[in-house]
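Remarks on the structure that follows.
This chain uses plain numbering: 1 for the first residue, then up along the sequence. Model, not experiment: these values are computed from the prediction.
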Amino acid sequence: MTDDTDDRTLIRPGREFEREYRLDASEAGAFLIDLGEQLRDADELRIVDDEWELPFAFGEPVELEVDYDGVGEPELEIEIELPGRTDERAPSVE
């Protein structure tokens, strides 16, 4: 038995990465529910596709933007921005 994760490209810090998907509403909703549960329950996201895996340790605050354009063909855009979490610690005061 082989592990599917062995065949995926791991997206690491220091690299730019972008993928766009066109989905039906129910599939996008299922993805957003899974994403929301990870945001609620953990401090790291793990997003995977057949070809790649993206682990991301996020910090706070999370930025949420709602943008509605009702001119012409109406469009609603919902965007979240997650800052990366740092493992740095403050220096000591002695």
Side-chain angles (χ1 to χ4, degrees):
M1 182 174 164
T2 62
D3 187 358
D4 290 339
T5 60
D6 292 340
D7 297 332
R8 292 187 190 126
T9 299
L10 183 63
I11 309 304
R12 299 180 186 275
R15 177 177 175 190
E16 290 190 22
F17 176 78
E18 182 176 338
R19 290 293 184 273
E20 188 172 311
Y21 296 86
R22 294 187 58 82
L23 309 170
D24 61 36
S26 65
E27 192 170 2
F31 173 82
L32 290 172
I33 288 168
D34 291 344
L35 182 68
E37 287 175 347
Q38 281 191 28
L39 285 171
R40 180 192 64 208
D41 298 338
D43 57 1
E44 182 171 308
L45 295 175
R46 184 173 166 268
I47 303 173
V48 297
D49 193 311
D50 291 339
E51 299 174 2
W52 53 267
E53 176 178 346
L54 174 60
F56 185 74
F58 62 90
E60 308 250 355
V62 172
E63 184 178 319
L64 175 66
E65 181 181 329
V66 178
D67 182 11
Y68 173 68
D69 183 357
V71 178
E73 192 171 324
E75 181 177 270
L76 174 64
E77 182 176 332
I78 300 170
E79 179 178 318
I80 61 168
E81 285 190 32
L82 306 170
R85 185 178 71 228
T86 179
D87 292 331
E88 292 184 12
R89 299 182 70 177
S92 298
V93 177
E94 296 179 8

Which residues satisfy the ring-ring contact (aromatic ring centres under 6.0 Å, His included) test with Tyr68, sequence neighbours excluded?
-> none

Counting only heavy atoms not in Glu79, do more than 12 fall under 6.0 Å of its CD?
-> yes

Interatomic distance, Ile33 atom CD1 to Arg40 atom CZ [nearest 0.5 angstrom] = 10.5 Å

Heavy-atom distance under 4.5 Å between the side chains of Asp49 and Arg19, does that happen here?
-> no

Enter the distance from Glu65:CD to Glu77:CD here, rounded to the nearest 0.5 Å.
-> 6.5 Å

Pair Asp43 + Arg85, salt bridge at N-O below 4.0 Å | yes

Within a strict 4.5 Å, meaning less than it, do heavy atoms of the Asp67 and Leu76 side chains meet?
-> no

What closest approach, in Å, do Gly72 and Pro74 show between heavy atoms, and which atom pair accounts for it?
-> O-CD, 3.2 Å

Is there side-chain contact between Phe56 and Ile47, with heavy atoms separated by less than 4.5 Å?
-> no

Quick one: CG on Asp34 to CG on Leu45, what's the gap to the nearest 0.5 Å?
-> 11.0 Å

Side-chain touch Pro55/Glu44, heavy atoms, less than 4.5 angstrom = yes

Once you round to the nearest 0.5 Å, how far does CD of Glu75 lie from CD of Glu73?
-> 8.0 Å

Step by step, would you call Phe17 with Trp52 a side chain to side chain contact (heavy atoms under 4.5 Å, CB included)?
-> CA-CA 10 Å; Phe17 176 78; Trp52 53 267; 3.4 Å; yes

Would you say Gln38 and Leu35 make side-chain contact, with heavy atoms under 4.5 Å?
-> no

Does any non-hydrogen side-chain atom of Ile78 lie less than 4.5 Å from one of Leu64?
-> yes

CZ of Arg15: more than 12 outside heavy atoms within 6.0 angstrom?
-> yes

Val62 and Gly59 have their tightest heavy-atom pair at CG2-O, 4.1 Å

Once you round to the nearest 0.5 Å, how far does CD of Glu53 lie from OG1 of Thr9?
-> 10.0 Å

Calculate, to the nearest 0.5 Å, the distance between atoms CZ and CG belonging to Phe31 and Leu23 respectively.
-> 9.0 Å

